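Quantities reported herein were computed from a predicted structural model and do not represent experimental measurements.
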Amino acid sequence: AACSGASKALKSAVLIQRWYRRYMARLEMRRRYTWNIFQSIEYAGEQDQLQLSSFFSFMLDNFTQLNGNLISQLLDPVVDPWLDRETCYNLIQIPESYAGPRLSFPLSVSDTNALLNAFKEQQTLHARYVLQLLYETKKLLKQMPNVIHLSTSYAKEITICGDLHGRLDDLLLIFYKNGLPSAETSYVFNGDFVDRGKKSIEVVVLLFAYLLLYPDYMHLNRGNHEDHIMNLRYGFTKEVMQKYKTHGREILQLFQDVFSLLPVATVIDGKILIVHGGISDQTDLDFLMPFLDSASSVPLPEPQQNECEWKQVGGEMNIVELCSILWRDQHLNPLSSLLQIVDILWSDPKTQEGCSPNTFRGGGCYFGPDVTQRLLLQHGLQLLIRSHECKQEGYELCHGGQVITIFSASNYYEEGSNRGAYIKVGRELVPRFYQYQVSRTTRKLTLTQRVRAAEGSALRALKEKLFTHRSELMSGFEQYDHNNTGSVSVSEWALVLETVLRLDLPWRTLRPHLARLAPDGSVEYHSCFEDMVPGNPLTQVTPNLAETLFRYRTDIEIIFNIIDKDHSGLISIEEFRHTWRLFSAHLGVDIDDRAIDDLARSIDFNKDGSIDFTEFLEAFRVVHKLDSKDQHLNGKTDREKYS
């Protein structure tokens with residue numbers, strides 16, 4: 001009897017173990033496809049951003065259709081005479097009621113401590129101090145080379161951090177765990193300080209403050225998000241204007257100037273190369289170092305028809321604009337090597353040999369282990385450290401350990417989605433990894449709850465993507481639905497989704513979350529769109545125009561924001577008409593001019609010749625219905641689950 005009882009207990013233990021393993025395998029599968037959804041949608045957004053830059057080129061090529069004013073608004077940087085005064089910030093009065101930190105320059109440790117404590121307490125630094133700090137940072141960066149060389153003989157250990165993307169809590173946690181920047185604690189922050197997160201100003205102001213305090217021990221590389229066009233799409237511009245309503249425009253202009261002067265690479269002991277994105281088979285450090293360190297070392301053609309474009313070539317043109325000009329104007333070949341900078345900021349490693357265009361992001365390239373090895377051997381290097389990609393553990397090794405990706409923004413996609421990490425290297429140049437995760441609520445959640453929350457958020461984003469491509473998807477489904485049954489096979493359904501969206505996702509695995517099956521096992525493709533409805537689109541908008549507005553809402557908002565120089569939220573009807581006509585022509589969207597005119601007139605609500613485009617665009621937002629199935633299973637509404 002004892003043996004029989006032990007045998008039953010053993011069998012029960014084996015069954016429980018098998019069940020647990022299957023359960024964990026399913027959970028891991030959900031975690032992986034959730035990750036793939038987030039990353040695919042992120043990179044698709046970056047493709048859209050680079051396509052938007054080609055729209056600016058298109059505008060130049062078709063400028064006769066627009067008035068000169070609009071062209072200059074879209075493509076020329078703002079030059080405010082007030083900003084030309086070196087001490088313009090002194091003209092700004094600080095009221096006695098201001099309770100935030102008061103800085104004195106040159107900065108001292110007490111100033112940076114005051115900043116640190118103020119930001120912890122959710123205080124905002126006064127615009128006067130922000131402008132003065134940016135002026136001082138600009139002066140410093142103008143004196144520095146664009147490739148920084150460091151030595152561990154001066155700093156015993158150097159800490160390398162990846163993308164922060166406006167996550168102040170991650171930066172504070174790094175400083176808490178690793179120490180504040182000082183002569184004993186040297187840092188390299190590898191770009192993408194801003195955008196996406198809600199505390200980009202606080203993050204970048206702290207980094208610049210420590211750069212001013214310890215210029216020999218605090219080092220900042222430029223990332224692809226240190227660019228004003230990227231900032232328009234991913235949130236930094238909006239954050240500045242919300243926090244600094246009076247002097248936001250001037251602050252943005254100075255940020256733009258400072259970002260353009262940031263170094264693009266750091267080399268430690270001549271052995272470790274640190275860049276934000278990566279390299280390509282065209283990367284030539286021997287050429288880039290002297291070229292970047294002194295723009296005058298490369299002969300430039302005399303300005304001709306592109307004088308307005310050339311006036312900023314000395315490092316102050318945003319990267320996307322620069323690529324656009326180089327691509328468009330063949331006579332600018334002497335500077336075609338500047339495209340190497342785009343590779344440095346945008347590229348990603350791949351496991352396959354060779355170098356190919358990075359079609360997933362829409363910019364830079366994919367570089368293989370052979371490309372890495374060739375560059376390291378050519379320059380006597382032993383390691384490439386880069387950032388630019390979120391990794392679940394905060395870091396990842398590839399190319400036989402010769403390439404390390406480091407990413408320092410934890411919970412990047414969703415609470416609990418990933419850890420952050422940083423690297424420390426000493427004189428032996430052996431990297432040591434330190435992981436962390438900012439945790440406000442995740443400790444209270446089980447692993448299953450964390451996966452479910454991230455999965456729900458990812459699926460919501462994916463369903464929005466489906467909704468904004470509804471007509472293309474329906475057209476694709478109907479090509480296979482010869483008898484108009486409203487259903488297609490699972491393989492046909494998956495093929496249409498991938499052909500239209502190009503997200504490289506496991507559609508068959510995701511099908512239960514996106515569409516219903518008919519009794520015969522086929523997919524009822526109309527069910528893909530049941531969970532979503534448009535916001536409150538205007539009745540005057542045709543279905544064709546409405547879907548275009550849904551899909552390109554972010555691009556249109558960026559263009560309108562560029563036109564809206566004073567950030568009042570208003571643009572003229574003529575500007576609206578001209579911009580939208582050209583944008584629709586560039587996209588190849590068949591929108592009748594009369595429909596655009598009718599739309600422009602209908603949204604001039606008070607008939608004063610101006611359009612409140614913020615209110616207009618709010619009407620073209622995807623609204624999710626409450627998922628009754630999730631409510632039944634989890635006892636929570638979507639709003640409660642994902643707020």
I want to check something: taking the side chain as every heavy atom from C-beta on, are Q402 and L397 in contact at a cut-off of under 4.5 Å?
no
Working to the nearest 0.5 angstrom, can you tell me the gap between L103 CG and S108 OG?
9.0 Å
Please check if atom CZ in R502 has more than 12 non-hydrogen atoms from other residues, nucleotides or ligands closer than 6.0 Å.
no
Roughly how far, to the nearest 0.5 Å, is the CG atom of L172 from the CG atom of L206?
7.0 Å
Kindly indicate whether the side chain of E28, heavy atoms from C-beta on, has any atom under 4.5 Å from the side chain of R31.
yes
Spatial distance of atom SG (C390) from atom CD (E396) [nearest 0.5 Å]
10.5 Å
Does any part of the side chain of M218, heavy atoms only, come nearer than 4.5 Å to the side chain of F189, both counted from C-beta?
yes
Out of Y436, Y187, Y434, which residue meets the side-chain contact (heavy atoms from CB on, under 4.5 Å) rule with N178?
Y187
Side-chain heavy atoms of R167 within contact of D169, under 4.5 Å:
no
Using modelled atom types only, decide if a donor and an acceptor are shared between the side chain of H219 and the backbone of D216 within a distance under 3.5 Å.
yes
Is the count of non-hydrogen atoms from other residues, nucleotides or ligands lying under 6.0 Å from Y154 atom OH greater than 12?
no
Over 60° means perpendicular and under 30° means parallel, so classify the ring planes of F236 and F259, tilted if in between.
tilted
Taking S410 for the side chain and V438 for the main chain, is one N or O donor matched with an acceptor at less than 3.5 Å?
yes
Taking the ring of Y412 and the ring of H165, is the distance between their centroids below 6.0 Å?
yes
Test side-chain hydrogen bond (donor to acceptor under 3.5 Å, both in side chains) on K238 and N231; report intermediate values, then the result.
CA-CA 8 Å; K238 186 177 289 187; N231 300 155; over 6 Å; no
Spacing of OG belonging to S347 relative to CD belonging to Q282, to within rounding of 0.5 Å:
11.0 Å
Paired with I160, the side-chain contact (heavy atoms from CB on, under 4.5 Å) test is passed by just one of T266, I272, I268, namely I268
Between Y234 and H225, is the ring centre distance below 6.0 Å?
yes
How far does CG of L459 sit from CZ of F38, to the nearest 0.5 angstrom?
8.5 Å
With a 4.5 Å heavy-atom cut-off, do K350 and S356 have their side chains touching?
yes
How long is the gap from CG on L164 to CG on D192, to the nearest 0.5 Å?
9.0 Å
Main chain of H276, side chain of S387: is a donor-acceptor contact present, judged purely on distance under 3.5 Å?
no
Do F175 and Y210 have ring centroids that are under 6.0 Å from one another?
yes
From CA spacing to verdict: side chain to side chain contact (heavy atoms under 4.5 Å, CB included), L383, L376
CA-CA 7 Å; L383 182 64; L376 295 181; 5.9 Å; no
Residues, nucleotides or ligands: over 12 heavy atoms within 6.0 Å of K391 NZ:
yes
